[in-house]
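A quick write-up on the structure given underneath.
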Amino acid sequence: MRIDIITVLPELLKSPFEASILKRAIEAGLVEVHFHNLRDYATGGYKSVDDTQFGGGAGMVMSIAPIDKCISKLQQERNYDEIIYMTPDGEQLNQSIANQTSLKENIIILCGHYKGVDQRVRDRFITREISIGDYVLSGGELGAAVLCDAVIRLIPGVLGNETSALTDSFQDNLLAPPIYTKPREYDGMKVPEVLFSGNFGKIEKWREEQAYKRTNERRPDLLED
Ligand code: ADE
């Protein structure tokens with residue numbers, strides 16, 4: 001998979017890709033991530049990527065020309081399956097969107113800034129608009145990092161034990177059950193006996209019951225789906 005990220009703040013985005021699972025995925029050649037500084041596609045002395053809003057109103061709007069140049073250059077080099085715009089008014093990111101995106105070959109992620117982008121960018125180029133939650137961030141970069149993390153860990157081979165992504169919370173619309181490690185008892189708090197039974201059928205059944213219980217208590221909306 002190849003991910004091209006268009007941003008005015010590449011330095012804000014790089015560190016999540018320089019550690020742990022994402023770093024290893026890149027080093028193993030399972031994913032390529034390329035950052036494109038939108039300013040490199042701007043013209044004029046100030047390399048300006050934004051301008052004031054037609055009709056008046058506070059806040060700057062990202063202009064179409066540099067974005068067009070950057071996306072068009074990338075599209076000349078390869079076909080893209082999805083051009084995603086990170087925006088608080090997009091559809092809310094969930095595991096299903098992460099799963100779908102992880103199956104794509106080439107994607108572009110455009111990070112918004114200021115008030116957002118000129119509507120014509122969305123009309124012409126964007127195939128999917130994603131929000132990471134009902135709150136407004138200063139820009140789309142952190143959202144793009146969240147999306148990339150959720151997607152990249154699903155690419156086959158990225159996680160050491162491939163089944164571990166399948167047992168994540170949300171993968172089957174259930175939250176994950178409680179988990180424990182050593183010691184067996186800590187300050188009077190004991191690990192549930194069933195986990196020492198050696199009976200894997202019984203342990204699986206317990207985990208499933210706990211997953212339902214937790215989902216029912218915390219996120220009953222997931223069970224309605
Ligand atoms: N840009 C600003 N706020 C955002 C959000 N909640 N999700 C994605 N991109 C954003």
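As the structure lists them, so they are numbered: ligands from 1, and atoms in each ligand from 1.
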>> Strictly by ring-ring contact (aromatic ring centres under 6.0 Å, His included), give each pair with a member in residues 6-35 just once, sequence neighbours left out.
In response: Phe17-Phe35

>> Students should find this: residues with any non-hydrogen atom under 4.0 Å from ligand 1. What is the answer?
In response: Met86, Thr87, Pro88, Ile130, Ser131, Ile132, Gly133, Tyr135, Val136, Leu137, Gly139, Gly140

> Hey, are Gln76 and Ser72 close enough side-chain-wise for a donor-acceptor pair under 3.5 Å?
Replying inline: no

>> Would you say Glu129 and Thr87 are linked by a side-chain donor-acceptor pair, where the criterion is simply a distance under 3.5 Å?
In response: no

> Would Arg122 and Asp89 pass as an ion pair if we require N to O under 4.0 Å?
Replying inline: yes

>> Tell me the closest heavy-atom pair linking Ala144 and Leu13, and the distance in Å.
In response: CB-CD2, 4.4 Å

>> Do Val33 and Tyr85 sit in one hydrophobic cluster, given that two such residues count as connected whenever their side-chain heavy atoms are within less than 4.5 Å of each other, even indirectly?
In response: no

